[in-house]
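Have a look at the structure below before the remarks.
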Amino acid sequence: MLRACLVTAISLCGVPALAADVSSFTLENGLQTVVIEDHRAPVVVQMVWYKTGSADEVRGKSGIAHYLEHLMFKGTDTLAAGELSKTVSANGGSDNAFTSYDYTAYFQRIAADRLPLIMKMEADRMHNLQISPDDWKTEREVILEERAQRTDSDPSALFAEQTNAAQYLNSPYGTPVIGWRDEMEGLTRDDAIAWYKRYYAPNNAVLVVAGDVTPEEVKSLAAEYYGPIAANTGLPERVRPQEPPQLAERRLSYADPRVAQPSVSRSYLAPERNPGDQKQAAALTVLAEILGGNSQTSVLGQKLIFGSGEAIYVGAHYSGLSVDQTTFTLSVLPAADVPLPEAEKALDRAIAEFMQEGVDSDRFDRIKTQIHAGEIYAQDNVQGLAQRYGAALASGFSIDDVQDWPDTLDEVTPDDVMAAAKLVLDKRHAVTGYLEPTTTKEVSQ
Amino acid sequence: MIRLLLASLFALTLSLPARALDIQDVTTPGGLDAWLVEAHDIPFTALQISFKGGASLDAEGKRGAINLMAATLEEGAGDMSAQDFAAHEERLAANFGFDVNDDSLTISASMLSENRDAAVELLRQALINPRFDQSAVDRVRGQVQSIIASNAQDPSTVASRTFAKLAYGDHPYGSSINGTAETVAALTREDMFDAKTRVMSKDRMVISAVGDITAEELAPMLDRLLGDLPETGAQMPPAAKVELTGGVTTVDFDTPQSVVIFGQKGIGMDDPDFFAAFVLNQIVGAGGFSSRLMEQVREQRGLTYGIYTSLVDKDLAKTWQGSFASANAKAAEAIDVVRDEWAKAATGTVSDKELEDAKTYLTGAYPLRFDGNGQIAAILAGMQLSDMPMDYINTRNDKITAVTKDDIRRVAKRLMDVDDLRFVVVGQPEGLD
């Protein structure tokens, strides 16, 4: 009981203080802007998040969202190819971008007094992108090299790609963000320009400015640089193919000579966070922590690493921040000489036992403590906070949703966790995968 | 405090820092020395304790012992099992990290102000009274063996291991800190206690703390936490002789993309020309999209996703290295481009704009590193490990600003020689002789 009070105290001190430094406004052209103040150091992070990602691609053009992200560095009417990054670094800053299923984001981190400079350039490429006929083919080679480096050279990445493709029967989440190689090879400058014109507009973006800035300052700069950009009145509605009921268990086996450590994974289709309704996703978040958050203290760690010893590593992962249905995944690296079917059996047995035993109250309290403390530690990383708001807002959530999330996690009960586990841990909507070396070693008993 | 430093740095427009970060030099009653930056905005403290020497202090024939020991420190201590220890860490919402590399073993801790004493007591058990139970050693050994097996199949790791062997030979730097399957299999529980004594001693320890704590609170805390460590540890190994010669070493590996590491002899921070080399490295290969290699290999030709170089300033050996990955059909062309650029850089000719842009980046980016308690604690511990004075933070940007084109020409001619550049290629590169 004493511990429970302590936990509450942390919550009351930590969470609201964080929320108080966040403000927002929307420009007339629809650009939603979030300002996160952190005056500890004269640094600013600007992030522009577009509400479009690979899951918005049409079939046959996989990778176009990410390809355009690369081409966004190729200049505008007034900036030469590469000039934006070079200017940022000549001013002591750094910049980059990333693409996901649901969003594409661009960011810079620089001395706070350089905010006007980076805003001017980021606003410029929101509406004045120029892709020269020389650059687009070279850049297509670059994304193919990127795919080779991230995916084709890594058997576990290839396996994850195949698992994901099997998980989704109809949702575009089954297609890799970077794209299928054959389709990437056919992407053109025209494809990229069409994508840019369809989705890159202030009313389809979120601007997050975090660091040593004031809301007034950001408002005035945003109005100056982003304000003149016209909204796209023809923005398509964000409606994607949805998953049908999944009725049949799927099983995959992938052998690759580059695999040294075999593994078994289980990916379940799972509900995502929904704007205004995050309760179930919060329960699943806590469930992932309980099952596999920490190898020493989690249910799977205690049962499979410390208990019966079939595993050397276990993991459970769930990220609810998603526009459409997401996944809840479990993974086990078996100990030497434990065959994958035996590791899978051990995993199933551990889950069945957990469903019988329910949530251990001490473990539950510890996880709640972690959640609260996480909010305190999070204040030390302003870029992480910018990321949190940007990803959520670009995925259709509100600032209230973001700020309610820690409390929603806090309100999760053991019953909520077990109800969520019962709903999600169902093999009929799961993919079980074996990743192993091409020649499986004989097991001597 | 942090803000004051950075504000004043920038008051002089990215050039001369005028005031130091307010670092306090704390000497404890027990004689320990620590660097402290107070920052009371957020109720937690980041603590870093590093031991110089790291895995290079492995005893003869015991390669992998220090790595296994460091990974087993938190697997049971005092009267706690591994699980009890981890559960207690969760209850306190403390985060402890144990990390080891060629030059240091580092313990990092984040602790909430409200239960800091209890968190320190828990950490003390791991540092002073680890149990190294046979079952824990065996369990972690299994994890290490899995990593060793996976690394042997990973082209990037194969490339870096091959390069290290060529560069450093039989010196500890020439082999993996993980050890081999054989050496790790042979390690005993006693080896863990011995490995701990070799590296975790007061004579090779540096300490930094950043966050919600005062000097008066820190000093007794450190004596309690670390006072019972042994006074002295193992001797440092001798300096490594960098044996690199020019040429290409190919390791056949069935993968669609060749991983390439290249390098030659480098330069250490104690060398008067280090900062000239540092600025030149920025221009050649460290500057991301502003670097010559990224421009030529990626932007102009699409031969790679990314290429970077760095001055690898290890305590006992200095090299200048770079890396990239290219489709097997393109690796040879990419290597030719790198060779051309290296030869061009070796003339030491840089443009005024290149020099200016590199300097403004390096001087402007430096203060941006000091963002967050853990980050600052890591920088301060790193400075102490390298025997840098406290005012280095103040003088570092001056040294960069002072670099001239003549300095760059001199250091380029002295250090860079394309005929000394060794390439290690892991993959099935086509047309490479």
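Note on naming: letters A, B, ... go to the chains in the order of the sequence lines (proteins, then strands), and numbering restarts at 1 for each one.
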Note to self: Tell me which of these, A:Gln261, A:Gln302, A:Arg258, A:Lys74, has more heavy-atom pairs under 4.5 Å with chain B than the rest.
What the structure shows: A:Arg258
Check: Mind checking whether B:Glu299 and A:Glu139 have side chains closer than 4.5 Å, heavy atoms only?
Finding: yes
Notebook entry, point to check: Does the side chain of A:Arg109 reach to within under 4.5 Å of the side chain of B:Leu368, using non-hydrogen atoms?
Noted result: yes
Margin query: Taking salt bridge (Lys or Arg N to Asp or Glu O under 4.0 Å) as the criterion, tell me which of B:Arg301, B:Arg298, B:Lys330 meets it with A:Glu141.
Written below: B:Lys330
Name the region of [X], side chain, backbone, both or neither, that has any atom closer than 4.5 Å to a heavy atom of chain B.
{"X": "A:Asn381", "answer": "neither"}
{"X": "A:Lys137", "answer": "neither"}
{"X": "A:Ala148", "answer": "both"}
{"X": "A:Gln383", "answer": "neither"}
{"X": "A:Val259", "answer": "backbone"}

Next item on the list: Salt-bridge test for B:Arg91 and A:Asp365: reply yes if a basic N is under 4.0 Å from a carboxylate O, no otherwise.
Entry: no
Check: Does a side-chain N-to-carboxylate-O contact under 4.0 Å join A:Arg363 and B:Glu90?
Finding: no
Check: According to the interplanar angle, ranging from 0 to 90°, do the rings of A:Tyr377 and B:Phe44 count as parallel (below 30°), tilted (30 to 60°) or perpendicular (above 60°)?
Finding: perpendicular
Margin query: I'd like to verify something: which residue of B:Gln375, B:Gln143, B:Arg139 has the highest number of heavy-atom pairs under 4.5 Å with chain A?
Written below: B:Arg139
